[in-house]
Visitor: 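Pasting a structure here, questions to come.
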Amino acid sequence: MREILDIQKQLMPDLMDIMKKRYSILQHILVSGVVGRRTLASSLDMTERVLRGEVDFLKELGLLESDASGMQISDSGRQLLEDMQPIIKMAFGLTDLEDSIAKAFHISNVIIVPGDSDTSVFTKKELGRAGAAALRKYIAKDDIIAVTGGSTMAQIANNLALSSSMKGSLFVPARGGLGESVDMQANTIASIMAKKTGGKYRLLHVPDHLGEEAYQSLIQDPQIQEVVNAVRSCRIVVHGIGDAMVMARRRKVDSDTTGSLKADGALAEALGYYFDRQGNVVHKMPTVGLRLEDLQRVEVVIGVAGGKSKGEAIASVLRHGQEDVLVTDEAAALEIMKHVQEGC
């Protein structure tokens, strides 16, 4: 397949451009659900006149449907996108990028979607769709899945659907998080995932970070102990990765701790742990829930994060070496490889 694509690029470069353009149109409509032509043209940075011609062509092929509410992908269009994915990844150069990151960090599976989540809401939605697909691939009957909070995790939850393989699964929050926005809390995301898939869920009603006295008191509560035991018995973990300083501000970390994080060179945050450039843990928040040492016996750890601004943070967490699967976007992947090549 790669040889055929290389020949096409040499003999018919315009054909590749057309294929990428039409793929982008179909992909944006798939991610949007239903979208109007003007909104779509703006998102694709394309004139309405040019888009109209492409949309009419795709409708003639039966790949799109439209009514007064807007355009949506047809079943044939959905299947075509699925069939095209390996070809498009090669055409965009994403297959080689996936292989490079997997080799550099010894990861079993790397999945990269086109674009930059920092600048495109469609790329962030596609990141969520890819994260949901990765979870579906690895989940087994009656699994326990621990999930963290955040906007990317919320996108994954939105892309899950009723599934026989997930029906008996238990979704649990990886850690407490009552200090965050309700929509982004791990509790909320775990419950949405369960409702979407027909699974079950348990909640962990504790603050995101605690003082030692409060921590020792809460951990003795039988109901909290029961949920924590379920969390630490999970087979799959799905978590986000954040910039250390951004996450410290979001979690309202005190100024002394923030100063200490900066002094220690903290770049990334995941599961309540802060990592430096080499992937060393430089700070741990005293939270109730999943601990870093628990990941050693978890069968599948899926990290999902994107955006150029997070590239260095993602590389930092990957250096720690706990990830089995990485789902990211093109912009972040290029930044990750830049830091690998710089050897820092």
Visitor: List for me each residue that meets salt bridge (Lys or Arg N to Asp or Glu O under 4.0 Å) alongside Arg235, sequence neighbours excluded, and say none if there are none.
Guide: Asp143, Glu299
Visitor: Restricting to salt bridge (Lys or Arg N to Asp or Glu O under 4.0 Å), what partner residues turn up for Asp294, sequence neighbours left out?
Guide: Arg232, Arg291
Visitor: Examine Arg22 relative to Phe57 and say whether NZ or CZ is less than 6.0 Å from the centre of the six-membered ring and inside a 45° cone about the ring axis.
Guide: yes
Visitor: Taking the hydrophobic residues Ile, Leu, Val, Met, Phe, Trp and Tyr, and joining any pair whose side-chain heavy atoms are under 4.5 Å apart, which ones share a cluster with Val31?
Guide: Val121, Phe122
Visitor: Do Val238 and Leu295 share a hydrophobic cluster, counting only Ile, Leu, Val, Met, Phe, Trp and Tyr and linking them when any side-chain heavy atoms are less than 4.5 Å apart?
Guide: no
Visitor: Can you list every pair that meets ring pair (Phe, Tyr, Trp, His ring centres under 6.0 Å) and has a residue in residues 316-337, with sequence neighbours left out?
Guide: Phe275-His320
Visitor: Mind checking what makes salt bridge (Lys or Arg N to Asp or Glu O under 4.0 Å) contact with Arg136, not counting sequence neighbours?
Guide: none
Visitor: Going by distance alone, is a donor N or O of one side chain under 3.5 Å from an acceptor N or O of the other, for Lys167 and Thr197?
Guide: no
Visitor: Find out whether Leu63 and Ile73 are in side-chain contact, i.e. whether some heavy atom of one side chain is under 4.5 Å from a heavy atom of the other.
Guide: no
Visitor: Sequence neighbours excluded, which residues qualify as side chain to side chain donor-acceptor pair (under 3.5 Å) partners of Lys89?
Guide: Glu98
Visitor: Between Glu226 and Arg202, does any side-chain N to carboxylate O distance fall below 4.0 Å?
Guide: yes
Visitor: Can you tell whether the side chains of Glu335 and Lys310 come within less than 4.0 Å, N to carboxylate O?
Guide: no
Visitor: Side chains of Ile236 and Val147: closer than 4.5 Å at any heavy-atom pair?
Guide: no
